[in-house]
Amino acid sequence: MIMFLFYKKSFIKAVCFLLFCITTHAQKKQLVDYVSTLQGTNSGWDLSYGNVYPTIALPFPVHSWSPQTGKNGDGWKYTYKATTIRGFQQVHQCSPWMGDYGVFSLMPVWGSLKVNEEERAIPFRHANEIAKPSYYKVRFDNGIVSEITPTERAAYMRFSFPKEGDAFLVFDGYTKFSSVTIVPEQKKLIGYVTNGTFIPKEFKNYFVIEFDQPFAGYGTWSNEGKTITPKNSSASGEKQGAFIRFKPGTVVQVRVSSSYISPEQAALNLKQELGGFRKFEEARQAADKTWNTLLGRMKVEGGTEDDKATFYSCLFRANLFSHKFYDLKEDGSPYYFSPYDAKVHDGYMYTDNGFWDTFRAQFPLSNILHPTMQGRYMQSLLDAQEQYGFFPTWSNPGMSGVMIGNHAISLLTDAWMKGIRTFDPEKVLQAYFHEATNKGPWGGSSGREGHEYWFSLGYIPYKEVSESGAKSLEYAYDDFCGYQLAKATGNRFYENIFARQMFNYKNVFDTTVGFVRGRDKNGNWVPKDFDPVEWGDPFTEGNPWQWSWSVFHDINGLMQLMGGKERFNAKLDSLFTAPNTVKYGSYGHEIHEMKEMVLQDIGQYAHGNEPVQHAAYLYNYSGQPWKAQKQLREIMRKIYNATPDGFPGDEDQGETSSWYVLSALGLYAVCPGTDQYVIGSPMFNRITITLENGKQFTVLAKNNSEKNVYIQSAKLNGKIYDRNWITYADITNGGVLELEMSAVPNKERGTGPDAVPFSVSLNH
C-alpha cells in the first residue's frame, strides 16, 4: 500500500510537471507579442510622441490598415485619447503632415443604418483592444467585435455582430472621387478610389472586397450620408459609399485587396495572397510567422521585459517604410504603375519615404537586414529619376519636394560603399550633377534650391533662399556623397567637381560665436543679434545649437573650426546640459519640436528632430568615447518606451525607431556614404543578428546593466579591438564584437588616432 501510494504520488507529480511544461510552452511569448503598435499614438499636431497610427501590416507592405478615430482627410488617423472609432482604413500615410492617398474604409454598424462618419462612430475602450502588427482586435461598447490581419497587398477581416438587430458593413470612399459596384450574387464589392495630394491625375486604387455571408440588403450613399439609396448597386462621384446588410448575429469574414494597376490585378492579388487561407486564423498565423521570423533576426538577450518591448516595437516600426509600390504578375515578375510618369513599367518601385529623415538610420539599418531589397530600391531610384527628371524626395507616392537636401545620393552612395551594387554609378553621378545644378518643379528638395549661389559663393545666402544655413550644411554633405561615389568608381571628373563643394560647410560656421549661422550674399553674418537658442530661418525646425553638429562627413574639420578637441568636447558637453530655453525666432510661435525638446530635458539636444540625433556619438571623434557611452544610454532610457508616449517626437518612417534599434545594438552610422558604424553602448547583454547570407553577427556585452554603461575593453572575433568603429563587412562576414562593461569609464581605450572614425579631411 505504501509502495502504491509512492508510485501514485510520483505519477501525479510527473503528470503535473508534464502539464506545467506543456502550458509553459504554450504560453511562451512570441516576439511579435512584445510589439505594441499603440506606441507613439498619443499624439497631435501640437505635441508628438510619434505621430503614428496602430499599423496592421507585413514588413514593407504595399498597403497597411488601421482603425480610424479621426475625420476623413485628417492626418491624425488615430489618436490614443479618442473614444470612438469610425472606420477601418486601408492606409499608406508616411506622416500626418503629408496626408494620405488611395484610402477607403469599412465600418460595422449595428441596429439602424448610419453611414455618416460622425454618426456611425462607436465608443470603445483600450482595455478591449489588441494592437499587434499581425492582428488587431477591438470589442466595441455595443458588442461588435472587429478583427484584421494583413498580407502585403490585402487583408482578412472578421466582424462579429450581436444576435439581436440588423448588421451592416459600411464602405466609405474617403475624400475626393470614388466608384463602387455591389455584386450581390458574388457577395462582393468592386471599384476604385482616387484621393491624395501627390498623385498623377491618372491614379486609381482599384479594390475588390469579398464576403463569406449572403447579403440581406444593400445600397449606396452620397452627400456625406444625407442621401441613402437602398437596392442601388453602383455609385460614382465625390465621396461615394455603399452598405451591405446581413442577418442579425452574423459573423462575416471579409477578404479585401487592391492594386494601382487594374481591377484584374486587384483580383489576382486577392487570389495570390488570400486564396490559400480558408479561415481568418490561418491568415493570422501566416502573418505572425512573417513577423516572428523578421523580429527573430535580431535576437536580444538580457534586459527587462519593458526593454524588449521597446526594442521590438521599434524594430517593427523600422521595417514598415518604404512601402513597396509594385504588384506581381501571375508568373511572379514585378511591375508597377509609376507615380512619376503615370505609366506601367516592369520592375520594382518603392515609395512613401522622406529621405531627409531616413538616410541617417533607417537606410543604414536596412542595408544590414535587407541588402536584396535595398539593391532593388537603389535601381528604382534611378528608374524614378528617368521617369520624372529628378530623384524622388518625400514621395507620397509621387514627388512632393518637401524638406531640404538631395539625399537620394546619400542612399545610393551608402549602398555602394557597403557592397550593394545593383545600379550604374555613372548614371547616378550624371543624375546627381543634374540634381545639384537645377531646381525641380516642386519644393525645397526637388533639385537644388539656390544652386547658383552654391557654386559661386560657396554657401546659400540668408533671405535669398529660405532655410539657407541648413541647406548649406545638407548640400555639403550630399556633395561629399557625390565625391565619395565618384572616387570609389574612378570617375575623376565628378570627383573633382564635388570635392570643391564638400567643405562648403565651413562658409556658414562663424568662429567668432562658435556656431553655424546665416550669412547674406555680401558675406555678412546675420542676424546681427545672434542667439543660438533662436529657432527657424536660417535653420529648419531647429536652432544653431542643434544644427552646428550637422557635418557628418568631416567631424575633424568641424572640430578644428571649434578650436580643437578640448573646446569641441566642452561645447558638446554643453549641448546636453545647457538650459533648454527656446526662442521662437522666425516661427513666431511654439512648434511641436520646441515643446518636445523642453519636455525631454536634455539641454539643447532635441532628439525629436533628426539633425542632432548623431551628436552623442561625436565623442568618439574627440578622444572621449566614454561620454558617448553614458549619454547614449541616458537618451535611450529617458525618451523611448513601448507606450503611447513612446517616441520623443515624430517617428518619421522608421527613422526614430531605427536610431533606437541601432543604438541598442551599440552601433550607429554617423556618416552614411562610408562603410563605418560608430560604437556606442549596447542596451542588452547580447544581440545576435542573423543576416541574409545566413551568417550571424553578435554584440556581446559582458556585465552589462543599467549602471554598467562604459566599455572597459573590446574584442572583435577574439582580438583586442581599440577602434571606435567597425565596418559593414565586419558585420556581414559574421563574428562577435565582445565588450566588457563597467560602471567606471576606461579613459584610455579608444583615444588614439587610429580609433577615430572617418572624417574626409583626415582621409582626403
Exercise for the section: Using only heavy-atom distances, determine whether the side chains of Gln387 and Asp383 contain a donor-acceptor pair under 3.5 Å. Expected result: no

Exercise for the section: Locate the shortest heavy-atom distance separating Asn620 from Asn724; write the atom from each residue and the value. Expected result: O-ND2, 3.1 Å

Practice task
With rounding to the nearest 0.5 Å, note down the distance linking OG1 in Thr489 to NZ in Lys487.
Solution key: 12.0 Å

Problem - Centroid separation Tyr432 to His434 less than 6.0 Å - result: no

Problem - Nearest-0.5 Å distance, CH2 of residue Trp394 to CG of residue Asp352 - result: 9.5 Å

Problem - Pair His607, Tyr605: side-chain N/O donor-acceptor within cut-off below 3.5 Å - result: yes

Handout entry: Lys571 side, atom NZ; Ser622 side, atom OG - distance, nearest 0.5 Å
Key = 13.5 Å

Handout entry: Ionic contact status for Lys471 with Glu474, cut-off 4.0 Å
Key = no

Exercise for the section: Tell me yes or no: between the side chains of Asn438 and His451, is some donor less than 3.5 Å from an acceptor? Expected result: no

Exercise for the section: Take atom NZ of Lys439 as the centre, draw a 6.0 Å sphere, and report whether it contains more than 12 heavy atoms from other residues, nucleotides or ligands. Expected result: yes

Exercise for the section: Would you check if the distance from the ring center of Phe647 to the ring center of Tyr660 is below 6.0 Å? Expected result: no

Practice task
Identify, with sequence neighbours excluded, every residue that meets salt bridge (charged side-chain N to carboxylate O under 4.0 Å, His left out) alongside Asp537.
Solution key: Lys463

Exercise for the section: Step through it carefully: locate the ring centre of Phe321, locate the ring centre of Phe60, and say whether they are under 6.0 Å apart. Expected result: no

Problem - Donor-acceptor contact below 3.5 Å, side chain Gln676 vs main chain Thr727 - result: no

Practice task
Please check if the side chain of Asp414 supplies one atom and the backbone of Gly673 the other of a donor-acceptor pair under 3.5 Å.
Solution key: yes

Problem - Distance-only side-chain donor-acceptor flag, Thr656 / Tyr640, under 3.5 Å - result: no

Problem - Sidechain-backbone polar pair: Glu651 side chain, Ser657 backbone, donor-acceptor under 3.5 Å - result: yes

Handout entry: Tyr377 ring center within less than 6.0 Å of Phe363 ring center
Key = yes

Exercise for the section: Output yes when a side-chain donor or acceptor of Gln385 lies under 3.5 Å from a complementary backbone atom of Gly389, and no otherwise. Expected result: yes

Exercise for the section: For this output row, return yes or no: ring centroids of Trp416 and Phe423 closer than 6.0 angstrom. Expected result: yes

Handout entry: Test: Asp479 and Arg448 ion pair at under 4.0 Å
Key = yes

Exercise for the section: Without swapping roles, check the side chain of Ser338 against the backbone of Asp341 for a donor-acceptor pair under 3.5 Å. Expected result: yes

Exercise for the section: Give a yes or no answer on whether the side chain of Ser445 reaches the backbone of Gly401 with a donor-acceptor pair at less than 3.5 Å. Expected result: yes

Completion exercise
Contacts of Lys627 meeting salt bridge (charged side-chain N to carboxylate O under 4.0 Å, His left out) (sequence neighbours excluded), chain-then-number -> Asp573

Handout entry: Main-chain N/O of Thr55 paired with Ser64 side-chain donor or acceptor, under 3.5 Å
Key = no

Handout entry: Heavy-atom closest pair, residues Tyr101 and Gly196
Key = CB-CA, 3.7 Å

Completion exercise
The reported gap from CZ in Phe359 to OH in Tyr477 (rounded to nearest 0.5 angstrom) is 5.0 Å

Practice task
Mark yes or no for whether Asn543, through its side chain, and Phe539, through its backbone, hold a donor-acceptor pair below 3.5 Å.
Solution key: no

Handout entry: Test item: Tyr335 and Asp327 side chains (from C-beta on) under 4.5 Å apart, heavy atoms
Key = yes

Exercise for the section: Check the surroundings of atom NZ in Lys521: do more than 12 heavy atoms from other residues, nucleotides or ligands lie under 6.0 Å from it? Expected result: no

Problem - Salt-bridge criterion met for Arg360 and Glu655 (N-O under 4.0 Å) - result: no

Problem - Polar side chain donor-acceptor pair, Tyr388 to Trp442, under 3.5 angstrom - result: yes

